[in-house]
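Within every chain, numbering begins at 1; the chains are lettered A, B, ... in the order of the sequence lines, protein sequences first and strands thereafter.
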Amino acid sequence: MNEQYDFQLAEPRWQAFWEKIKLSNAGLSDTGKPKYYCLEMFPYPSGDLHIGHMKNYAIGDLITRFKIMQGYDVLHPMGYDAFGLPAENAAIKNGGHPKDWTQQNMNAMHSAFKKMGILYDWDRELATCQPEYYKWTQYLFLLLYSRGLAYRKEALVNWDPVDQTVVANEQVSAEGCSWRSGALVEKKSIVQWFLKITDYADRLLQDLDRLEHWPETVRTMQRNWIGKSRGVEIEFQVTDSPDKIRVFTTRPDTLFGMTYVVLAPEHPLVHAVTTEKYRSQVTEYCKSAEKMSEINRLAATEDKTGSPTGGYVVNPVNGEKVPIWVADYVIGSYGTGAVFACPYGDERDYAFACKYDLPIRKVIEPAQNTLIENGFVNVETDENGFVIDKKSMQNACVVDGEMVFSGEYNGMSNRDFWRAIADRMEKEGWGKQTVTYRLRDWLVSRQRFWGAPIPIIHCPSCGEIPVHTDQLPVRLPEGDNIDYMPKGKSPLAAHSEWVNVPCPKCGDAAQRDTDTMDTFVDSSWYFLRFCDARNDNAIFDQKSANHWMPVDQYIGGVEHAILHLLYARFIQKVVHDHGLTEHSEPFKALFTQGMVQTRQIMPDGSEIVATMSKSKGNAVPVLPFVQEYGSDAARLTILFASPPDRDMIWSEEGVDGSVRLMSRIWRLYYNYQDIFGKMKFPKTFDLSNLNPTDKSAYQKLHWAIKKITDDMSDFHFNTAIAAIYELTNLLYKLKEHDDLSDPVMGGILETLVLLLGPFVPHFAEELWRQIRGATYEKSVFHQSWPKYDPAALIKEEITYAIQVNGKVRAQITVPADSDADAVKKIALNFPKVQKWTGGKKIKRVIVVAKKLVSIVAK
RNA sequence: GCGAGAGUGGCGGAACUGGUAGACGCGCUGGAUUUAGGAUCCAGUAGGUAAUUCCUGUAGGGGUUCGAGUCCCCUCUCUCGCACCA
């Protein structure tokens, strides 16, 4: 054994060894081992792995190795989310085909993964840009199409002016910027492909309750994103017109308080209800509203604008005529694009009514004690319930109460009235209860080149014709005569020999659809493909999918809480409904790791903290770090630095501690190398036969086994590593004692290697081989994870803390089987305690078993 | 504005259902060994204090309790998500 551990030698050696013995290949044996599917979100092949990636993949590898040692048949695959704009932008900048740039990056990442020693089943490696993969993405699209879940329509969509393509709602930030380019999106009306995720809204919502191993935050975010609300749809007759305006509301109980109706500027009836007198004003308003939303969707909150139309509707409950307004605080694409306004009970309507001096009618008398809560001030009304001084209200009344000025319903609680009026409108036929979702259909067409072509042919006479599945994949053109420059249309459109094909149905001249799919489609099913990655005849084999799915542990960043995770759940459900898998949820447990950030000093001297990513230019690559300290030290540092779910600001400080720990452990084995090979070490000991030194070493080991095993299941890797430090520190102390015996120390060192395995795998493998000798051929990861000896955790003596009047004043150590009275007696007679109780009357003594004694003295 | 989470030494972070706050690590200080060390080992390290003493301390303020980082109320700060969703 060398005096020092040489990671530069050991790491490649054991990486090759693991590959040779197929340690990372899943499903090889029929030994009846239970399956375990561990998956990290696959990366976009941006070039090289940075520290943020490393954190993600280190966690996956840790779990994988831990589960292998626990006797599972572990599936742990890796691939690349390889379609996407950066490749295309690189092709524009440097020439060449996006394919080549992507392939280069994938090669670089593949070798980085290997240098990190992460245990992947490389036989299942995939890249979404390979025809062998996107063939099945296209197949999936056609499957959706055949089930009526993919359709084309013209819609006002989010246009990214930088990337020259549309993006989905989910892909636009709250500030109105595109998730990729960061550009402010514009609104544009284009014919687009959509996936009907709204059909699954309710199931996506309900099944969230079943995902008990998902973080609550992610479930809440998805719940909010789906945004289910129960309400009613009411139809209002427009006066002097056959038209009816349908509105959606969750507050039909405020119907008597309706004083006007509002249409969104893009509502189809705006022009029909507008009278001549208001026509030019309304047209002008709609135009400016459209422009507004293009310029800044943020602007609106305070300053609501609108215009009367001159039209009126009739309130079915009291026959009153109220004016129709058009205003952009109503969103065209949500609900019916129209609302009835009750300024009394809705803050937005209240603000609008104040601005345009529209009447407010009181309909709910809040209970006295709820008045102050909302800043609402009760106000005087005239005999018809109209508020006399609007401003004096200060705020809308959004609390529950009793109905007033609501005809025969006066005195009813507003909640009861809600149901009563809903029943009545259904009976009388002017309204019905409905459910509305915030979730919209998933817009999947992209006007760019580097994605899976949408496998549809447009024929002038036959219309949309899906490409026959045996004609898949619809391959992207190769060669270097392609102009990737974005022009608002996919570069494919300019490639005439690609576009022009005979119609599969009639044979006449037809054109391929030139859009490509959103890359989130590619990644919404890759976990299924991993179950059967080399299948040329089917998207995946049902038996394989049923065996491996669901993913037992999915690991990735929170940034995908809505986008990817919602899409993947949707696709899994579709595939399930199609009979391809028995599971309707893809990810049984989800762990969202915190992001790795960097601290940057800006040119103006200010400091910013930003998530590490290549596109931000602040990515710290892993390879130099790994080359300097070794993969094991690198991951140990990252895992020990903070709990994995917390964001961390990256710094290399701390790596010295990891290196130090490993060399300390190495020297421990170096010192004891003579005893290995000479003797066989017992696994457990009878504590009563051990001397105090042996005993405390043995007890600490078993404490550590328990601690590490428990922490591992809770993803508390930092405290598990702390336990390794503690054990090592104690062994260093004890080895100076003469009575530390070889059998005990040998047994501890044999077990410690196993505990190290998931954290520093190369190092552990090297030590294991050193212990077992050069002729030994098995991996440490074929050893089973150690179990703790419960007897070692039983304490014979217990230290009690003694508090006098709430302050800790002394400690006493008593035999573990001492009863409360005995402990109390010792405590009260303890000199240090008497110093504080002397001259006082003992009023109360509380003994908390195995913990402390609390004395109250006066 | 709404929703979620967080605030503990110089720093990263520990602390199970209320029970000795600061585990473990980084850094720092002192010592040992060494030709030398950014190697190794030992000791110390929340603040105050002469003290192996006592006091004060988990963003701030109140409360419950024998006992509060942990539970309750109020305030402040930060992060994330949604953002006129009717």
Side-chain angles (χ1 to χ4, degrees), chain A residues 4 173-176 215-225 227-229 231 247-251 254 262 264 297-304 327-331 333-342 345-349 351-352 436-440 558-559 561-562 594-595 609 636-637 640-643 645-649 651-661 663-664 667 707 710 714 716 718-726 728-729 732-733 736 799-811 843-846 848-857:
Chain A
Q4 286 197 341
S173 73
E175 290 78 31
E216 193 49 52
T217 48
V218 175
R219 293 198 283 171
T220 306
M221 279 163 75
Q222 290 211 354
R223 229 171 253 133
N224 293 342
W225 188 262
K228 179 175 181 168
S229 43
V247 305
F248 173 75
T249 181
T250 57
R251 293 296 305 275
T254 62
V262 192
R297 310 180 348 160
L298 263 186
T301 327
E302 297 306 310
D303 195 31
K304 297 192 185 347
D328 68 355
Y329 80 90
V330 171
I331 302 165
S333 52
Y334 179 77
T336 59
V339 301
F340 83 70
C342 171
D346 182 282
E347 285 175 26
R348 295 150 301 178
D349 296 341
F352 194 76
T436 297
Y437 297 91
R438 208 188 83 111
L439 181 72
R440 320 285 162 75
V558 229
E559 67 272 22
I562 293 170
M595 287 182 264
V609 170
L636 192 63
T637 305
F640 185 59
S642 75
D645 53 342
R646 207 178 290 185
D647 288 348
M648 64 186 282
I649 294 172
S651 105
E652 281 194 18
E653 286 167 30
V655 71
D656 289 341
S658 305
V659 171
R660 202 169 296 155
L661 175 68
S663 50
R664 270 164 75 82
R667 275 200 312 277
K707 171 90 180 141
D710 291 349
D714 298 337
H716 293 161
N718 56 331
T719 51
I721 294 167
I724 294 175
Y725 272 103
E726 279 194 56
T728 309
N729 291 346
Y732 259 76
K733 269 206 182 91
E736 304 306 325
T799 301
Y800 279 79
I802 303 170
Q803 295 183 339
V804 180
N805 293 334
K807 296 215 157 109
V808 179
R809 297 300 185 186
Q811 290 179 358
K843 302 205 77 164
R844 219 177 135 186
V845 180
I846 296 144
V848 182
K850 296 179 178 176
K851 290 235 166 84
L852 59 68
V853 181
S854 183
I855 299 165
V856 189

Applying a 4.0 Å non-hydrogen cut-off, can you work out what [X] is touching in the nucleic acid: base, sugar-phosphate, or nothing?
X: A:Asn805; value: nothing
X: A:Asp656; value: sugar-phosphate
X: A:Arg219; value: nothing
X: A:Gly657; value: sugar-phosphate
X: A:Thr799; value: base
X: A:Val330; value: base
X: A:Glu726; value: sugar-phosphate
X: A:Lys807; value: sugar-phosphate

Rounding to an integer number of Å, can you tell me how far [X] [atom1] sits from [N] [atom2]?
X: A:Arg664; N: B:rC24; atom1: CZ; atom2: P; answer: 12 Å
X: A:Ile802; N: B:rG67; atom1: CD1; atom2: C1'; answer: 15 Å
X: A:Lys851; N: B:rA21; atom1: NZ; atom2: C1'; answer: 15 Å
X: A:Asn224; N: B:rG81; atom1: CG; atom2: P; answer: 13 Å
X: A:Asp647; N: B:rG7; atom1: CG; atom2: P; answer: 14 Å
X: A:Ile721; N: B:rA14; atom1: CD1; atom2: P; answer: 12 Å
X: A:Glu216; N: B:rC80; atom1: CD; atom2: C1'; answer: 15 Å

For atom [atom1], what is the distance between [N] and [M], given to the nearest Å?
N: B:rU65; M: B:rG18; atom1: C1'; answer: 9 Å
N: B:rC71; M: B:rC2; atom1: C1'; answer: 26 Å
N: B:rA14; M: B:rG22; atom1: P; answer: 15 Å
N: B:rU17; M: B:rG5; atom1: P; answer: 16 Å
N: B:rG9; M: B:rU45; atom1: C1'; answer: 10 Å
N: B:rA46; M: B:rG10; atom1: P; answer: 10 Å
N: B:rA43; M: B:rA23; atom1: P; answer: 15 Å
N: B:rA21; M: B:rG67; atom1: P; answer: 14 Å

[X] side chain: which of [options] is closest?
X: A:Trp225; options: B:rU20, B:rA83, B:rG25; answer: B:rA83
X: A:Met221; options: B:rC66, B:rA4, B:rG81; answer: B:rG81
X: A:Asn718; options: B:rA14, B:rG3, B:rA86; answer: B:rA14
X: A:Ser642; options: B:rC26, B:rC55, B:rG12; answer: B:rG12
X: A:Val848; options: B:rG19, B:rC41, B:rC66; answer: B:rG19
X: A:Leu852; options: B:rC16, B:rC82, B:rU20; answer: B:rU20
X: A:Val808; options: B:rA86, B:rU20, B:rC16; answer: B:rU20
X: A:Phe640; options: B:rG19, B:rC42, B:rG25; answer: B:rG25
X: A:Val856; options: B:rA86, B:rC66, B:rC82; answer: B:rC66
X: A:Ser663; options: B:rC41, B:rU40, B:rA23; answer: B:rU40

[N] pairs with which nucleotide, Watson-Crick or G-U wobble, both distances below 3.5 Å?
N: B:rU58; result: none
N: B:rG22; result: none
N: B:rA50; result: none
N: B:rC78; result: B:rG5
N: B:rG67; result: none
N: B:rU45; result: B:rG27
N: B:rU17; result: none
N: B:rU35; result: none

Classify the ring geometry between A:Tyr329 and A:Phe352 as parallel (under 30°), tilted (30 to 60°) or perpendicular (over 60°).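 Rings of A:Tyr329 and A:Phe352: tilted, as their planes differ by 30° to 60°.
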If you draw the axis of the six-membered ring of A:Tyr334, does the NZ or CZ of A:Arg438 fall within 45° of it and under 6.0 Å from the ring centre?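 Checked: cation-pi criterion not met.
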Among A:Val262, A:Asp349, A:Thr249, exactly one meets side-chain contact (heavy atoms from CB on, under 4.5 Å) together with A:Phe340. Which residue is that?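 By the side-chain contact (heavy atoms from CB on, under 4.5 Å) criterion, A:Phe340 pairs with just one of A:Val262, A:Asp349, A:Thr249: A:Thr249.
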RNA chain B: A:Ile855 or A:Val339, which has the more 5' nearest nucleotide?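 Of the two residues, A:Ile855 wins.
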Closer to the 5' end of RNA chain B via nearest nucleotide, is it A:Ala801 or A:Met648?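 Closest to the 5' end, via its nearest nucleotide, is A:Met648.
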When only distance counts, do a donor and an acceptor, one from the side chain of A:Glu653 and one from the base of B:rG12, lie under 3.5 Å apart? no
